[in-house]
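Counting starts at 1 for both ligands and their atoms, following the listed order. Note that the structure is predicted; figures quoted are calculated from it, not measured.
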Amino acid sequence: MWIPPNHPRRESLLIRERLVEGFKRGLVVPEGLIAHGRGECFDYLIGESTQPFALKAIEAAVAALLLAKHPVISVNGNTAALVPREVVELAREVNAKIEVNLFHRTREREEAIAKWLREHGADEVLGVGEDASATIPELFSERRRVSPRGILVADVVLVPLEDGDRTEALRKMGKIVIAIDLNPLSRTARAATITIVDNIVRAVPLMVAKAREMKKCSRSSLEEILRNYDNNQVLQEALRHILNRLKELSESKLTLS
Ligand code: ATP
């Protein structure tokens, strides 16, 4: 689809096109398209730009990934469609494993996502077929399958666009869970250890840049960043930002002339 360069919603439409493309490739499920719509709504409210509360969370998230013994990046269909190269780059920078972890799991989709990630530079992709032989306690159906070399033994898991149940289950297993979720009120956002309230297309490239910079930091300074991080405060800041923005907008002229 051709989108005029001066179209006011160009960026957002291009992101949609990537998801539609991902859907046609068998990476994304129809439910993923709906989930994206919910995210877009919150992005509209946030102002479609990375805010200070997200930058704070990104810094803490990168510190946690760099300090981790077994960091894992969990990839679902939307993540694979939107930021495949950036996920591979981030995994490389923080020495993390990449694992396919799907809500709507089928062998074909697992393989399509793994192939897509390999085409974007991934050496190894866990969680495909028999490799997803371990289970997360307290979860039922196919959603609980994970790799015994990946999420099962991970101490830090990055779960962009995850669902609340799985986030809570991973927390109960004692893991540090980093979520990327535009909705500061979702159960995922509230259950995660660190929540990056930002669009995945902006957040992951920023994480890559931050990882390159922070790799030079001492362990004690990374530990201090984590100690000082307060996720509840970050979620409150995200809501306050939306509140202030809506207040300003509600007092301004809205009609287009
Ligand atoms: P929960 O179980 O956590 O309450 P949910 O049922 O509201 O989640 P899901 O459909 O499981 O939501 O997942 C979609 C989530 O991902 C939404 O919270 C949405 O805001 C978020 N999301 C969708 N697209 C993006 C994106 N591009 N960047 C960041 N977050 C996104």
**Request:** Measure from the side-chain N and O atoms of Asp181 to the backbone N and O of Glu162, and report whether any donor-acceptor pair falls under 3.5 Å.
**Result:** no
**Prompt:** So which protein heavy atom does atom 4 (O) of ligand 1 come closest to, and at what separation?
**Reply:** Arg187 N, 3.0 Å
**Prompt:** Who's the nearest protein heavy-atom neighbour of atom 31 (C) of ligand 1, and how far?
**Reply:** Leu161 CD2, 3.2 Å
**Of Val125, Asp131, Asn101, Leu102, the residue whose pairing with Glu110 passes side-chain contact (heavy atoms from CB on, under 4.5 Å)** = Leu102
**Asked** Among Val204, Ile196, Ile194, whose side-chain contact (heavy atoms from CB on, under 4.5 Å) with Ile58 holds?
**Response** Ile196
**Close approach, Leu185 and ligand 1, non-hydrogen under 4.0 angstrom** = no
**Message:** To check your reading of the model: name the closest protein heavy atom to atom 20 (O) of ligand 1, its residue, and the distance in Å.
**Reply:** Asp181 OD1, 3.1 Å
**Asked** Do Ser12 and Glu40 touch side chain to side chain, with heavy atoms closer than 4.5 Å?
**Response** yes
**Item:** Nearest neighbour in protein (non-hydrogen) for atom 5 (P) of ligand 1
**Value:** Arg38 NH2, 3.7 Å
**Asked** What are the atoms of ligand 1, with element, lying closer than 4.0 Å to any heavy atom of Thr188?
**Response** 1 (P), 3 (O)
**Selected option - heavy-atom contact closest to atom 24 (N) of ligand 1, from Glu31, His36, Glu40, Arg18** = His36
**Distance-only N or O hit between ligand 1 and Gly164, under 3.5 Å** = yes
**Prompt:** Arg109 side chain to His104 main-chain N or O, any donor-acceptor pair under 3.5 Å?
**Reply:** yes
**Asked** For ligand 1, is there an N or O atom under 3.5 Å from any N or O atom of Asn199?
**Response** yes
**Asked** Quick one: do the Glu223 and Ser221 side chains pair a donor with an acceptor below 3.5 Å?
**Response** no
**Minimum-distance protein heavy atom relative to atom 23 (C) of ligand 1** = Ala35 O, 3.2 Å
**Item:** N or O pair under 3.5 Å between Ala189 and ligand 1
**Value:** no
**Complete:** shortest atom 28 (N) of ligand 1-to-protein heavy-atom contact is with Ile200 N, 3.0 Å
**Item:** Identified side-chain contact (heavy atoms from CB on, under 4.5 Å) counterpart of Gln233 within the set Asp230, Asn231, Leu235
**Value:** Asp230
**Request:** Between Ile15 and ligand 1, find which residue part has any heavy-atom pair under 4.0 Å and reply side chain, backbone, both or neither.
**Result:** neither
**Prompt:** Would a distance-only check, ignoring hydrogens and angles, find a side-chain to backbone donor-acceptor pair under 3.5 Å from Ser250 to Leu246?
**Reply:** yes
**Message:** Between ligand 1 and Leu82, is the shortest N or O to N or O distance under 3.5 Å?
**Reply:** no
**Gap between atom CZ of Arg118 and atom CD1 of Ile98 - 0.5 Å precision** = 11.0 Å
